[in-house]
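Read through the structure below, which is laid out as structure tokens, and then see the notes.
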Amino acid sequence: MVPRPLIAVVGQTASGKTSLAIDIAKAYKGEIICADSRTVYQDLNISTAKPNLAEQREVPHHLLDILKPSEPYSAADFQKAATRVISDIYSRNNLPIVVGGSGLFVDALLYNFSFKNKADPVLRNELTHRSIKELQAIILQKGLSLPENHKNPRHLVRTIEMNGFIPKKEKLRPDTLLIGLAIDKDTLENRIQSRVHNMIENGLIEEIQQNVSRYGWDAPGLQEPAYKAFRPFIEGRQGLEQSRHELITQHIQFAKRQHTWFKRNRDIVWVNNKSEALNNIQGFMSNYLLQ
RNA sequence: GCAGGGUUAGUGAAGCGGUCAAACACGGCAGACUGUAAAUCUGCUGGCAUAUGCCUUCGUAGGUUCGAAUCCUACACCCUGCA
């Protein structure tokens, strides 16, 4: 079987993944697959710091803008879609580059998570209104054991939906280089600050207002920091400065959760900057280019 | 100048004689997380020891009391009303 190399770039928000991925793509005839739970959505452009049109023109991007914010999207959906896109890319003899900050999505793809028991909207809606105690009781009644996060309503609901299914994962996909783009905390926080500043300059508030009037605050795609931070401002309960500040905080908190997720993965090859990354990639790709 | 209100841990804010190292919220730190994941949730958050232990805190200084963040006095700063 022909080896099929794949490069994945992970890291915290604002760590510079997009720019690195584009460089890789240009160097190796690559196409980018966005492993990102928010940039899949149309109409979320400013708030997600989505690759801009110029960047998208430079290199093909996949799984961007494929859904309306009113539609739900899951890690399993991503896994399926990305798998298909990757085989298309190979059929063009190009290099797939998976880039994203959604750790679960990346892992689902690279470790071939075994998904099962898709959520039933009716059951989920019913369960969502239950208290934690009630959910725990249901689980125990069914003879299932409580999830690791036994006080997390969402995980409790999922446990009920899975109905005893034990999820599995495999080893890291062969022929894969998993690169982690590290960044120190101060630099990251500065970048987030100026990123938020630019978002507001570029019309973040208008984008939020438009999407909210079109899809409503509760739309699945709109569950993200900008909407949380700016809702009180848009509803006239809070000043702009306060919301701006909250958005920065939310992004920093998100970055921290990403860090927690990625740092336990021993397969990640951490690099501190672009040139370190490109060096690693060169070594990795040399295994394939000679054939 | 007179009268009244205020000053609590990183921030906001409870507490108004003992059960107060001091509720709660936010922030911070660490962590979990396979069909909601930029979501959601957990633990810790004065110092030191880390098991029920000790030490230093509630504007500052003094006092009352067996015992004070809580009462009294003085001082400092802030806000409101009358001047």
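Each chain gets a letter, A, B and so on, in the order the sequences are listed, and its residues count up from 1. Being a predicted model, the structure only gives us computed values, none of them experimental.
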> With Phe262(A), which residues qualify under ring pair (Phe, Tyr, Trp, His ring centres under 6.0 Å), at least two apart?
Replying inline: none
>> Applying ring pair (Phe, Tyr, Trp, His ring centres under 6.0 Å), can you list everything that pairs with Tyr73(A), at least two apart in sequence or on another chain?
In response: Phe105(A)
Rounded to whole Å, how long is the line connecting atom [atom1] of [X] with atom [atom2] of [N]?
{"X": "Arg130(A)", "N": "U40(B)", "atom1": "CZ", "atom2": "P", "result": "22 Å"}
{"X": "His259(A)", "N": "C33(B)", "atom1": "NE2", "atom2": "P", "result": "16 Å"}
{"X": "Gln238(A)", "N": "G12(B)", "atom1": "CD", "atom2": "P", "result": "16 Å"}
{"X": "Asp107(A)", "N": "A32(B)", "atom1": "CG", "atom2": "P", "result": "13 Å"}
{"X": "Lys151(A)", "N": "U42(B)", "atom1": "NZ", "atom2": "C1'", "result": "7 Å"}
{"X": "Leu109(A)", "N": "A37(B)", "atom1": "CG", "atom2": "P", "result": "16 Å"}
{"X": "Lys17(A)", "N": "A38(B)", "atom1": "NZ", "atom2": "P", "result": "10 Å"}
{"X": "Glu148(A)", "N": "U34(B)", "atom1": "CD", "atom2": "P", "result": "9 Å"}

Would you indicate, yes or no, if [N] has its OP1 or OP2 atom less than 4.0 angstrom from a side-chain nitrogen or oxygen of [X]?
{"X": "Ser74(A)", "N": "A37(B)", "value": "no"}
{"X": "Lys228(A)", "N": "U40(B)", "value": "yes"}
{"X": "Arg257(A)", "N": "A32(B)", "value": "no"}
{"X": "Gln253(A)", "N": "G27(B)", "value": "yes"}
{"X": "Lys263(A)", "N": "A30(B)", "value": "no"}
{"X": "Arg158(A)", "N": "U34(B)", "value": "no"}

>> Regarding G35(B), can its base be found pairing with the side chain of Asp77(A) as donor and acceptor, where the two atoms are less than 3.5 Å apart?
In response: yes
>> If you go through the side-chain atoms of Asn152(A), does one of them form a donor-acceptor pair with the base of A32(B) closer than 3.5 Å?
In response: no
>> With no hydrogens and no angle check, just 3.5 Å: does a side-chain donor-acceptor pair link Glu224(A) and Ser47(A)?
In response: yes
> Who does U42(B) pair with, Watson-Crick or G-U, both distances under 3.5 Å?
Replying inline: A30(B)
> Can you tell me the Watson-Crick or wobble partner of A76(B), both distances under 3.5 angstrom?
Replying inline: U7(B)
Write down the distance separating the [atom1] atoms in [N] and [M], rounded off to the nearest Å.
{"N": "U7(B)", "M": "A14(B)", "atom1": "P", "answer": "8 Å"}
{"N": "U64(B)", "M": "G31(B)", "atom1": "C1'", "answer": "50 Å"}
{"N": "C78(B)", "M": "A32(B)", "atom1": "P", "answer": "49 Å"}
{"N": "U36(B)", "M": "G47(B)", "atom1": "P", "answer": "38 Å"}
{"N": "G6(B)", "M": "U50(B)", "atom1": "C1'", "answer": "39 Å"}

> When all nucleic acid strands are considered with a 4.0 Å heavy-atom cut-off, which category describes Thr13(A): base, sugar-phosphate, or nothing?
Replying inline: nothing
>> So Pro153(A), base contact, sugar-phosphate only, or nothing? Heavy-atom distance under 4.0 Å.
In response: sugar-phosphate
> Closest heavy-atom contact between Phe233(A) and Gly239(A)?
Replying inline: CD1-C, 3.7 Å
> Can you name the closest pair of heavy atoms from Gly100(A) and Val106(A) and give their distance?
Replying inline: O-CG2, 4.2 Å
>> What's the closest nucleotide to the side chain of Lys169(A) if the choices are U36(B), U34(B), G28(B)?
In response: U34(B)
> Would you find more than 12 non-hydrogen atoms of other residues, nucleotides or ligands less than 6.0 Å from Gln209(A) atom CD?
Replying inline: yes
